[in-house]
Enquirer: 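One structure, pasted below without further comment.
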Protein chains: 2
Amino acid sequence: MVNRITIKEIARKADVSIGTVDRVLHNRGRVAEATRDKVLKIAKEGNYSSNVMARHLKLNKTYRISVILPEENNYWLMLKEGIEEGCEEFGQMGFTAGYCFVANDGSQAMQLNQILDSDADGFIIAPSAFHQQTDLLSKLREKGKPYVFVDSNIIDAGQLTFIGQDSYRSGVLGACLLHDKYLSDYEIYITTFSESDIKEQIIKNRIEGFRSYFDENQISHVNIHEVNLEKDQITADDFLNVLLKHENPVHLFIPNSKTYKLAEQLIQFKETNQLRVVGYDLLQSNLRLLNSGTIDYLIHQKPKVQGYLGMQSLYKNIVLKTDVPLHQYMPLDIINKENVMYCQ
Amino acid sequence: MVNRITIKEIARKADVSIGTVDRVLHNRGRVAEATRDKVLKIAKEGNYSSNVMARHLKLNKTYRISVILPEENNYWLMLKEGIEEGCEEFGQMGFTAGYCFVANDGSQAMQLNQILDSDADGFIIAPSAFHQQTDLLSKLREKGKPYVFVDSNIIDAGQLTFIGQDSYRSGVLGACLLHDKYLSDYEIYITTFSESDIKEQIIKNRIEGFRSYFDENQISHVNIHEVNLEKDQITADDFLNVLLKHENPVHLFIPNSKTYKLAEQLIQFKETNQLRVVGYDLLQSNLRLLNSGTIDYLIHQKPKVQGYLGMQSLYKNIVLKTDVPLHQYMPLDIINKENVMYCQ
DNA sequence: TCACAAAGTGTTAACGTACACGCAAAATAT
DNA sequence: ATATTTTGCGTGTACGTTAACACTTTGTGA
């Protein structure tokens, strides 16, 4: 990186003007084949790469990043925080971000069209923000605008990169946290709620991973139940009664961020049944339950870091023009009462 | 950050030349009091901050960062990796790093003097690299060079920032991971080795935190033992026998990265005693023991991220000239077999 | 043969900053 | 009164890149 060759030097070595070198390097034609080859050879030998500072100074361009998120809750605001941090760091390069929280009603299409019209230079998208079908992505592809997926992925959708967890493995981890070797027979309840399609898929993966742990390790003293409270039309109180009726001890795996929806029931559950509760995501409400000892472990996705990495990826793509890996898997963070205070 | 006022604009508004504005902003004198005030007022109103790109382009300066680490093992090489990543990202700004692994013999002073003479622009230092007393830090302070501590801290030593864990809280976490509510009386062995002063302090903090967990939660069915294998002159095999003789089940807390030194004994221990082993740091050898199920949890400090943050902090200080927090605490990462593959 | 396009190349002015230099006016010294 | 220094300020150039523009030379069609 140090002592890189400059256009001026290439020009001198090739005995042409910097204008010609520029035309060669930028493929804007009208250069004799022989000259072209000579310049390219020298550039390659000198390991030329354009000076980002100088280019940015000349172009004096600002880059607007449009961020598309589902709702303005605690979780997504943490992601936003990370993006803001990125703006601060890449602000010198002229990076700014604008946010759109997509409404879950008829106005989604209109909102997304507005975003398209605003013509940003890059996008950070949480796919679960798409409450209905959309052709936003294909339009972005047509325009050649880079977009990054955070939190959840869509396979082969032309994204620059995906930043998030491997949901299958996070399920395996959840299982491991609920595995008790010394306990004789015990029950595990997997509790879900109905969600949007994309989230549904993530939760399916988590559950698959969760079950695979017990299958692959041939653990048979565990009885796994799966309950979708909304689909099965069970109230939280009824569910609590089901849990308490068991003679065996009971563990709980809640493969979504909505643990808080069972808050009151969980507190009661914990009073009589000392077994573990594993949930997802450090929402404010979940944090309270963690601190009070109601939730034992949360699997955390570091939304703030996701946001930061999203900005960083766009910076690398747009400004540095370097490659970005297609998958940037976030660590599967285990959070409990004792390490939550240093959790990013 | 966007649409910042430029020197030229300030000059126009103040009805002076850019040279005068420059003299004011850089305090290089020979400006009339009245002019000075006028320029400063306009600069402040326009929220002036110098354009880092332009300045860097003009100065065309490269920054050399000198990295001082204890030894070239797995752990510190991960930290180096993070620094290299930072070099890549800030390479456009002319950042490069050079490494010095300090020998643990008489040549330390000579090595450190060489580093001083090489006259780098910033330093990343793992304080445990100082095997003997040194006045390197005071010399760096005299020269006004910024230095960052990673891994372990020295209080009030003039560092730009410290990047690492809160060792006390990490001990608390370790205790939590070894806390079994349903077990009747059981034993916990805290196993240490002799270390350099600075590391000794960290380990003392971890143990203090560890013990405080059981004290504060008034947990009395746990008997905690502390053994320094080197000081107490106990061989690993003898230690194993001590563990196996207990009638109560036994947990192990090894508050340093040297779990691997007990590898064979631990494997035997695990065969008869199914209780948990908690260690520190994802060394290659510890990783093997984790994957084989011998170690249950490792508390991980993300050395790679520490390295990256070190470079980032120096970049922010040297180039952006922004403030950096004095403490940047790393998360207390819980690593087990199931999440180790996505661990940074 | 001339006009005029096309191909191939060079020149130049920015972007915002830093800093050396120069020049006038005022202040001081001789 | 003249010489010299000091004070206050403006000018110009360079960093590396981009892109508009201008200039030659050759090719093409009427």
Side-chain angles (χ1 to χ4, degrees), chain A residues 1-40 42-43 46-63 91-95 121 318-321, chain B residues 1-40 42-43 46-63 91-95 121 318-321:
Chain A
M1 267 300 175
V2 180
N3 279 337
R4 297 195 317 276
I5 198 172
T6 67
I7 283 189
K8 201 196 271 184
E9 252 179 297
I10 296 177
R12 192 180 50 73
K13 285 192 183 175
D15 200 32
V16 292
S17 74
I18 59 167
T20 303
V21 176
D22 180 65
R23 268 185 296 270
V24 171
L25 295 176
H26 290 82
N27 280 316
R28 16 196 183 91
R30 306 211 346 189
V31 181
E33 193 73 19
T35 317
R36 198 184 129 77
D37 290 346
K38 190 165 58 174
V39 167
L40 281 179
I42 293 169
N47 209 353
Y48 175 80
S49 74
S50 97
N51 182 320
V52 174
M53 310 291 132
R55 175 167 22 151
H56 188 265
L57 181 61
K58 175 66 183 85
L59 295 179
N60 210 3
K61 201 167 146 37
T62 59
Y63 304 99
Q92 281 289 344
M93 290 298 198
F95 271 70
D121 303 283
I318 296 175
V319 177
L320 299 184
K321 294 178 195 298
Chain B
M1 267 295 176
V2 179
N3 280 336
R4 296 196 317 278
I5 198 171
T6 68
I7 284 190
K8 201 195 271 183
E9 252 177 299
I10 296 178
R12 192 180 51 74
K13 284 192 183 176
D15 202 30
V16 292
S17 74
I18 59 167
T20 303
V21 176
D22 180 64
R23 268 184 298 270
V24 172
L25 295 176
H26 290 81
N27 279 316
R28 19 199 176 89
R30 300 197 12 175
V31 182
E33 193 75 18
T35 316
R36 199 184 127 79
D37 291 346
K38 190 164 58 173
V39 167
L40 281 179
I42 292 170
N47 208 353
Y48 175 80
S49 74
S50 97
N51 182 319
V52 174
M53 310 291 134
R55 185 197 357 201
H56 188 266
L57 181 61
K58 176 68 184 79
L59 295 178
N60 211 3
K61 201 168 147 37
T62 60
Y63 304 99
Q92 281 288 345
M93 290 297 199
F95 271 70
D121 304 281
I318 297 175
V319 177
L320 299 185
K321 294 177 193 298

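The chains referred to below are lettered A, B, ... by the order of the sequence lines, with proteins before strands, and numbering in each begins at 1.
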Enquirer: Rounded to the nearest 0.5 Å, how far does CZ of R36(B) lie from CD of E33(B)?
Expert: 6.5 Å
Enquirer: So, does H26(A) use its side chain to make a donor-acceptor pair with the main chain of D22(A) at under 3.5 Å?
Expert: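 Yes; at least one donor-acceptor contact below 3.5 Å.
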Enquirer: Output the rounded distance in Å from CG (N27(A)) to P (dA19(D)).
Expert: 13 Å
Enquirer: Considering the options V39(B), V24(B), D37(B), which one meets the side chain to side chain contact (heavy atoms under 4.5 Å, CB included) requirement together with V31(B)?
Expert: V24(B)
Enquirer: If you compare all heavy atoms of K13(A) against all heavy atoms of I5(A), which two are closest, and at what distance to 0.1 Å?
Expert: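 In this case the closest contact between K13(A) and I5(A) is NZ-CD1, 4.3 Å.
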Enquirer: What is the minimum heavy-atom distance between R4(A) and S50(A), and which atoms define it?
Expert: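 So the two residues come closest at NH2-O, 4.0 Å.
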Enquirer: Pick out which of Q92(A), H56(A), M53(A) makes a side chain to side chain contact (heavy atoms under 4.5 Å, CB included) with V52(B).
Expert: Q92(A)
Enquirer: Within less than 4.0 Å of OP1 or OP2 of dC9(D), is there a side-chain N or O belonging to T20(B)?
Expert: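 No, no such contact exists.
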Enquirer: T35(A) and side chain to side chain contact (heavy atoms under 4.5 Å, CB included): which single residue from L40(A), V16(A), V21(A) fits?
Expert: V16(A)
Enquirer: How many angstroms lie between CD1 in I18(A) and CG in L25(A), if you round to the nearest 0.5 Å?
Expert: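 One finds 11.5 Å between CD1 of I18(A) and CG of L25(A).
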Enquirer: With axes from five pairs an end, tell me the bend angle of the helix from dT1(C)-dA30(D) to dT30(C)-dA1(D), nearest 10°.
Expert: 60°
Enquirer: dT17(D) C1' sits how many Å from E9(A) CD, rounded?
Expert: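 Computing the E9(A):CD to dT17(D):C1' distance gives 14 Å.
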Enquirer: Treat primed atoms plus P, OP1 and OP2 as sugar-phosphate and everything else as base, then score nucleotides 14-24 of chain C 5' to 3': B for base contact with protein heavy atoms under 4.0 Å, S for sugar-phosphate contact only, - for none.
Expert: BBBBBB-----
Enquirer: May I have the distance from Q92(B) (atom CD) to dG16(D) (atom P), rounded to whole angstrom?
Expert: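 Going from Q92(B) (CD) to dG16(D) (P), I get 13 Å.
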